[in-house]
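Below: one structure, written as structure tokens.
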Protein chains: 2
Amino acid sequence: MDKTAYLDAARRHCESRGCRLTELRQQVLELVLEHPGVVKAYQVLADLQRQRGAAAPPTVYRALDFLVEQGLLHKVDALNGFILCHHFDCPHDGLILVCERCGGVEELDATGCLSSLTDAMGKVGFTPRAQNLVLTGTCRSCQA
Amino acid sequence: MDKTAYLDAARRHCESRGCRLTELRQQVLELVLEHPGVVKAYQVLADLQRQRGAAAPPTVYRALDFLVEQGLLHKVDALNGFILCHHFDCPHDGLILVCERCGGVEELDATGCLSSLTDAMGKVGFTPRAQNLVLTGTCRSCQA
DNA sequence: TTTACGATGTTATACAGTAACATGTAGCCT
DNA sequence: AGGCTACATGTTACTGTATAACATCGTAAA
């Protein structure tokens with residue numbers, strides 16, 4: 001899927017949920033799109049400032065929060081960063097592996113693996129926040 | 001296990017690993033112990049300042065990092081906080097559930113559940129950072 | 001047109017974490 | 001004892017992350 005198609009799909013996704021992918025939000029999404037792996041909010045802020053001359057933290061955080069809420073991005077708490085979510089339109093159990101060294105992202109389909117986890121959680125009445133599990137660690141090529 | 005016994009066990013645990021649970025480190029551990037669930041670094045800092053009059057962030061962070069390294073605490077990235085680890089002496093795959101609303105913590109033994117996860121990760125050469133998986137969500141009593 | 005609401009701008013500040021260097025302290029070696 | 005070494009702690013200053021609170025603007029419905 002090329003960039004234009006992706007943005008179109010993202011826009012339709014938002015609208016189908018009763019929200020608007022405004023110009024600012026799309027601009028932020030495009031900036032995230034530019035980066036291969038994990039993106040930091042203040043990196044996006046710097047990019048945004050280069051493009052429009054002025055921007056403050058809340059501007060970026062509001063847009064990022066919106067995109068996370070729509071399922072277009074995932075927050076990687078361990079790294080204080082954000083990553084793109086492919087598959088925002090087909091909800092499934094994903095396992096997202098983020099390398100702490102190179103920032104690379106790898107996605108596994110972990111539906112099978114996660115079912116026993118969610119079973120265990122369900123038994124104690126616990127509802128996990130996100131359907132996609134984001135883990136940090138070290139990828140194969142960074143093992144040293 | 002009461003507090004004194006716990007601290008003794010913690011001390012022996014550190015010493016068996018060639019480290020010392022110094023007075024400061026124990027003091028920080030006790031402060032964490034005071035709180036039922038998730039504790040924030042700056043909360044510990046404030047407590048510490050009340051007890052000894054002066055303390056700076058590095059003092060607290062160094063102690064907390066040490067305790068995490070020894071396995072006595074876990075860091076909860078999603079909440080920028082720390083929680084106690086019971087079972088620091090019997091290494092096993094734990095699943096730690098943190099409620100976003102009440103801050104409560106629940107630990108499951110998830111050895112079985114996690115094996116399929118680690119299998120899947122191993123297949124792509126990925127090494128997860130921590131052996132304990134920390135998830136956030138909503139606990140039974142906070143489901144509302 | 002007015003009203004209401006959601007989005008954005010703006011300022012200031014709170015919260016989280018670390019770099020770099022100074023000082024202290026305990027054990028070891030000669 | 002004296003000095004060396006390694007680790008622990010103190011201190012200052014800073015960078016990075018995130019949000020509160022309020023002002024403004026645009027758009028769409030009443």
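Throughout, protein chains are lettered first and strands after them, A, B, ... in sequence-line order, and every chain is numbered starting at 1. Values below: all heavy atoms of this structure, side chains included; hydrogens, waters and symmetry mates excluded.
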* Asked: Over how many whole Å does the gap from A:Leu64 atom CG to D:dT17 atom P extend?
  -> 12 Å
* Structure fact -> Assign each of B:Gly81 and B:Arg62 the nucleotide of DNA chain C bearing its closest heavy atom; nearer the 5' end lies the nucleotide of B:Gly81
* Asked: When you measure from the side chain of B:Arg52, which nucleotide among D:dG10, D:dA8, D:dT17 comes out closest?
  -> D:dG10
* Measure from CD on A:Gln43 to P on D:dT15 and round the result to the nearest Å. => 17 Å
* State whether the distance check finds a donor on one side and an acceptor on the other, under 3.5 Å, for side chain B:Tyr42 versus base C:dA14. => no
* Asked: Start at the 5' end of DNA chain D and walk down; is the nucleotide closest to B:Phe66 or to B:Pro57 reached first?
  -> B:Phe66
* Report the residue (B:Arg20 or B:Lys40) whose heavy-atom-nearest nucleotide on DNA chain C is the more 5′ of the two. => B:Lys40
* Asked: Starting at CG of B:Asp65 and ending at P of C:dT18, how long is that distance when rounded to a whole Å?
  -> 7 Å
* If only atom types and distance count, is the side chain of B:His13 paired as donor or acceptor with the main-chain N or O of B:Gln70 below 3.5 Å? -> yes
* Rounded to whole angstrom units, what separation is found between the CG atom of B:Leu24 and the C1' atom of C:dA26? -> 17 Å
* To do: Rounded to the nearest angstrom, tell me the gap between atom CD in A:Gln49 and atom P in C:dT10.
  => 12 Å
* Distance in angstrom units between A:Leu79 CG and D:dA18 P, rounded -> 11 Å
* Candidates C:dT18, C:dA7, C:dT10 - which lies nearest the side chain of A:Ala56 -> C:dT10
* Asked: Between D:dG16 and A:Asn80, is there an OP1 or OP2 to side-chain N/O distance shorter than 4.0 Å?
  -> no
* Asked: If only atom types and distance count, is the side chain of A:Lys40 paired as donor or acceptor with the main-chain N or O of A:Leu79 below 3.5 Å?
  -> yes
* **Whole-Å distance separating the CG atom of A:Asp77 from the C1' atom of C:dA16** => 14 Å
* Short question: side chain of B:Arg11, backbone of B:Leu21 - any donor-acceptor pair under 3.5 Å? -> yes
* Asked: For A:Lys75 and D:dA18, is the shortest distance between a side-chain N/O and OP1 or OP2 below 4.0 Å?
  -> yes
* **Between P of C:dG9 and CZ of A:Arg25, the distance in whole Å** => 11 Å
* Backbone N/O of A:Cys14 and side chain of A:Arg20: donor-acceptor pair under 3.5 Å -> no
* Asked: Within the structure, does a side-chain N or O atom of A:Thr59 lie under 4.0 Å from either OP1 or OP2 of C:dT8?
  -> no
* Within the side chain of A:Glu100, is there an N or O that forms a donor-acceptor pair under 3.5 Å with the backbone of A:Thr136? -> no
* Looking at A:Tyr61, does any N or O in its side chain come under 4.0 Å of the phosphate oxygens OP1/OP2 on D:dA18? -> yes
